[in-house]
Participant: 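Got a structure for you, written out below as structure tokens; questions coming shortly.
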Amino acid sequence: MERVIETIAGLHRSHGCGELTAGDTGREVTLMGWVHRRRDHGGLIFIDLRDRSGLVQVVCDPEAGPAFKKAEGVRNEYVIAVAGRVRQRPEGTINPKLATGAIEVAARELRVLNGAKTPPFYIEDGIDVDEVLRLRYRYLDLRRPEMQRIMRLRYQTTRAMRSFLDKRGFWEIETPMLTRSTPEGARDFLVPSRLRPGEFFALPQSPQLFKQILMVAGIERYFQIVRCFRDEDLRADRQPEFTQLDIEMSFIQREDILKMVEELMASVFRETLGVDIDLPIPRLTYREAMARFGSDKPDLRFDLEIVDVSDVVKGSGFKVFSSAVAGGGVVRGLCAPGCANFSRRELDELTQAAAVFGAKGLAWMALTGEGARSPIAKFFTDEELQALVARMGGKEGDLLLFVADKETVAAAALGSLRLELGRRLGLYDEEQLAFTWVTEFPLLEYSPEEKRYVAVHHPFTMPMEEDWPLLASEPLKVRALAYDLVLNGVELGGGSIRIHRRDIQEKMFGLLGFSPEEAREKFGFLLEAFEYGTPPHGGIAFGLDRMVMLMARRDTIRDCIAFPKTQSGTCLMTAAPSTVAPEQLLELHLKSTARTAGSGGKE
RNA sequence: GGAGCCGUAGUGUAGUGGUCUAACAUGUCGGCCUGUCACGCCGAAGAUCGCGGGUUCAACUCCCGUCGGCUCCGCCA
């Protein structure tokens, strides 16, 4: 059908559709938006008009003449302007499901500002459609109210952060997007330099080194809401480009930062969600978190703690347990309340969940009225069984689950099992916000691939002063002045007090296996800067996408990013990445070794 | 790099070796309709079942491969 596109000339939008109330009755208004739905009754046409403020019903009467004629040709998602008068709806036609349901706009004039193809999915909340389609037509997906709410929440969150930090004397400073590839850490995205053949910039994994140099530069209090890039595999909560709130402060100690961040979080959650966070935020040491919850980002919305039974079972006749302990491992368990009646199938599923993290098996013991029902009960004496049940705090009707393994495997497997049980048993309230600090992370861990120690946080993290003596003797036992903020089992952010003393930094490099020459080569500019009067300093960085995901109660950060990538790192809307013209490569002095025959990209 | 799940009209699903000439809902298009709001009623169009190969008399269905998507492990200082 031939559609006539009209101009907007002479019309001035007076209201948002969703803003109109009974108080506007009698008022002459001009609305502009998208046709959400049209109901054509032959002699009377209703149009639900939508803009980002909401919906309102527009009524077109044949008496309106040309407006009625045009309304007949209008289709979903057409962009129209309507001028008319707000009126009360007739008796009995009020729609309580609609915010503007008590009124309607009687169209006097209607202009079709643009037509639209029929969208491939409904422009409304709660749609059940393949995410591929949503990402391909992201502009339509973002038209949906729930997505608009998330985008607004994200904006409100960064606004609240800026406002808080501004009041505390922080300056927002931009750092380069084209920078130096840094060793250590994630894989870099590289950008070839045209002017320097054979050389490359890297996109920043974080502004870490720049923000520390800003402390040397005397900025004292810095922040930045900044895009960061990591060329690693994706997850529901990991994208190759993401946004972080990056903060650094001088002349402070760990407590100063933690306190400031707690106040920041309280302020942001109050301003965006109207929620009050209980302060101070509770703290766990890394050691405690791993032992009790099997994770360095424990979900504290529910208890269900892991219990160590190594000492109880070390002398038992059950070889799997006793030999695990004898071999330096541990036996730990969980008491699943009221799960004694779990089926074979449910137990298999739990075993699978534990196996993902490397547990070789999952021992179970159902506490029934007739005693312990379990394939392993026969290996224990009555006394051992009693001691075991007592240690686990097991009651009749409970199911005890055990993993015997290296400490790291047992912790990880039971930690994941704990989350699985928490979900299955509905042990927590979805609305709850359980913040926690995790502190005293280890400074170093051993990398078998590289056959050396690597920094758990980064090479500039200050060791805890009481552990300084261990640096030489037992480096793996040294704890760092590093901290993570965790919310509902998700790592929101992390930071540390940095090393500002040359002697300690040299020790650290020594432990990481860098010769002075190597250190200079990798971080020379930073070390040089550090020689010109570096204040004690420290900071933290938060994943904005994850924070918004939790605030909006979504399961993936893709829903909180306007234009996210798929799991294979592509953009379904733009079809990026793509091949480029050979001349472009030539200019950059590059030659692709890829074997795919992409001859210049898709048309 | 590895494991698992998914792929059928525009969309969401059904169909598990033979009336499948692929069904249902919704959407779309046309007609009717002056108080609907997931409007209603009547009618129509719309799918080489992701792609390629194999098994079979016969494949949407079984097998292999491949592509795409999702979840997870590794990886992510």
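Each chain gets a letter, A, B and so on, in the order its sequence line appears, and its residues count up from 1.
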Participant: Provide the distance between the two P atoms, one in B:rA45 and one in B:rC6, to the nearest whole Å.
Facilitator: 34 Å
Participant: Determine the interatomic distance between P on B:rU66 and the same-named atom on B:rC76; round to the nearest Å.
Facilitator: 27 Å
Participant: Quick one: ring pair (Phe, Tyr, Trp, His ring centres under 6.0 Å) partners of A:Phe441, sequence neighbours excluded?
Facilitator: A:Tyr286
Participant: Which part of the nucleic acid, if any, lies within reach of A:Gln57 when heavy atoms closer than 4.0 Å are counted: base, sugar-phosphate only, or nothing?
Facilitator: base
Participant: Between B:rG74 and B:rC62, how far apart are the C1' atoms? Round to whole Å, please.
Facilitator: 33 Å
Participant: Taking the C1' atom in each of B:rC60 and B:rC49, what is the distance between them to the nearest angstrom?
Facilitator: 5 Å
Participant: Out of B:rU34, B:rC73, B:rU36, which has the shortest distance to the side chain of A:Asp61?
Facilitator: B:rU34
Participant: Would you mind telling me which residue lines up with the more 5' stretch of RNA chain B, A:Glu449 or A:Thr566, judged by nearest nucleotide?
Facilitator: A:Thr566
Participant: Under 4.0 Å, heavy atoms only, any strand: does A:Arg87 hit a base, just the sugar-phosphate, or nothing?
Facilitator: base
Participant: Just the atom pairs and distances: protein N or O near nucleotides 11-13 of chain B's N or O, under 3.5 Å.
Facilitator:
from, atom 1, to, atom 2, distance (Å)
B:rU11, O4', A:Pro120, O, 3.3
B:rG12, OP1, A:Asp130, N, 2.8

Participant: If B:rC5 has a Watson-Crick or G-U wobble mate with both distances under 3.5 Å, name it; if not, just say none.
Facilitator: B:rG69
Participant: Is there a donor in the side chain of A:Thr556 and an acceptor in the side chain of A:Arg554, or the other way round, less than 3.5 Å apart?
Facilitator: no
Participant: Take a 6.0 Å sphere around CZ of A:Arg144 and say whether it holds more than 12 heavy atoms from other residues, nucleotides or ligands.
Facilitator: yes
Participant: Between A:Asp233 and A:Arg238, does at least one N-O distance fall below 4.0 Å, as a salt bridge requires?
Facilitator: no
Participant: Watson-Crick or G-U wobble partner for B:rC76, using a 3.5 Å limit on both distances?
Facilitator: none
Participant: Report yes or no: is there a donor-acceptor pair, N or O only, under 3.5 Å between the side chain of A:Arg89 and the base of B:rU36?
Facilitator: yes
Participant: Taking 4.0 Å as the cut-off, does a side-chain nitrogen or oxygen of A:Lys117 come that near to OP1 or OP2 on B:rG10?
Facilitator: no
Participant: Kindly say if A:Arg39 contacts the phosphate of B:rU36, meaning a side-chain N or O under 4.0 Å from OP1 or OP2.
Facilitator: no
Participant: So among A:Lys565, A:Arg138, A:Arg558, which one has a salt bridge (Lys or Arg N to Asp or Glu O under 4.0 Å) with A:Glu131?
Facilitator: A:Arg558
Participant: Using atom C1' of each nucleotide, how far apart are B:rU56 and B:rA14 to the nearest Å?
Facilitator: 26 Å
Participant: Ignoring hydrogens and angles, answer whether the base of B:rG35 and the side-chain atoms of A:Glu91 contain a donor-acceptor pair closer than 3.5 Å.
Facilitator: no
Participant: Counting only side-chain N and O atoms of A:Arg134, is one of them less than 4.0 Å from OP1 or OP2 of B:rC70?
Facilitator: no
Participant: Does any N or O in the side chain of A:Glu77 come within less than 3.5 Å of the main-chain N or O of A:Lys117, such that one atom is a donor and the other an acceptor?
Facilitator: no
Participant: Between B:rC33, B:rC29, B:rC75, which nucleotide gets closest to the side-chain atoms of A:Arg75?
Facilitator: B:rC29
Participant: In whole Å, what separates the P atom of B:rG27 from that of B:rG40?
Facilitator: 7 Å
Participant: In whole Å, what separates the P atom of B:rG2 from that of B:rA25?
Facilitator: 45 Å
Participant: Per the atom types in the model, does the base of B:rG27 pair as donor or acceptor with the side chain of A:Asn76 at under 3.5 Å?
Facilitator: no
Participant: State whether A:Asn95 places a side-chain N or O below 4.0 Å from either non-bridging phosphate oxygen (OP1 or OP2) of B:rG35.
Facilitator: no
Participant: Quick one: the side chain of A:Arg238 and the base of B:rC76, do they pair up donor-acceptor inside 3.5 Å?
Facilitator: yes
Participant: Any side-chain N or O of A:Thr93 less than 4.0 Å from the OP1 or OP2 oxygen of B:rU36?
Facilitator: no
Participant: With both distances under 3.5 angstrom, what nucleotide forms a Watson-Crick or G-U wobble pair with B:rC41?
Facilitator: B:rG31
Participant: Tell me whether the OP1 or OP2 atom of B:rC73 has a side-chain N or O from A:Arg235 closer than 4.0 Å.
Facilitator: yes
Participant: Can you sort out the partners of A:Arg452 under side-chain contact (heavy atoms from CB on, under 4.5 Å), two or more places apart, ordered by chain and number?
Facilitator: A:Glu184, A:Glu450, A:Val454, A:Leu512, A:Phe514
Participant: So, OP1 or OP2 of B:rC67: does either fall under 4.0 Å of a side-chain N or O from A:Ser568?
Facilitator: no
Participant: Is A:His41 stacked on the base of B:rC39 when the test is centres under 5.5 angstrom and planes under 30 degrees?
Facilitator: yes
Participant: Record whether the side chain of A:Arg38 comes under 3.5 Å of the base of B:rC37 through a donor-acceptor pair of N or O atoms.
Facilitator: no
Participant: Expressed as a whole number of Å, how far does the P atom of B:rG52 sit from that of B:rC67?
Facilitator: 15 Å
Participant: Look at all strands and tell whether A:Thr570 reaches a base, only sugar-phosphate, or nothing, counting heavy atoms closer than 4.0 Å.
Facilitator: sugar-phosphate
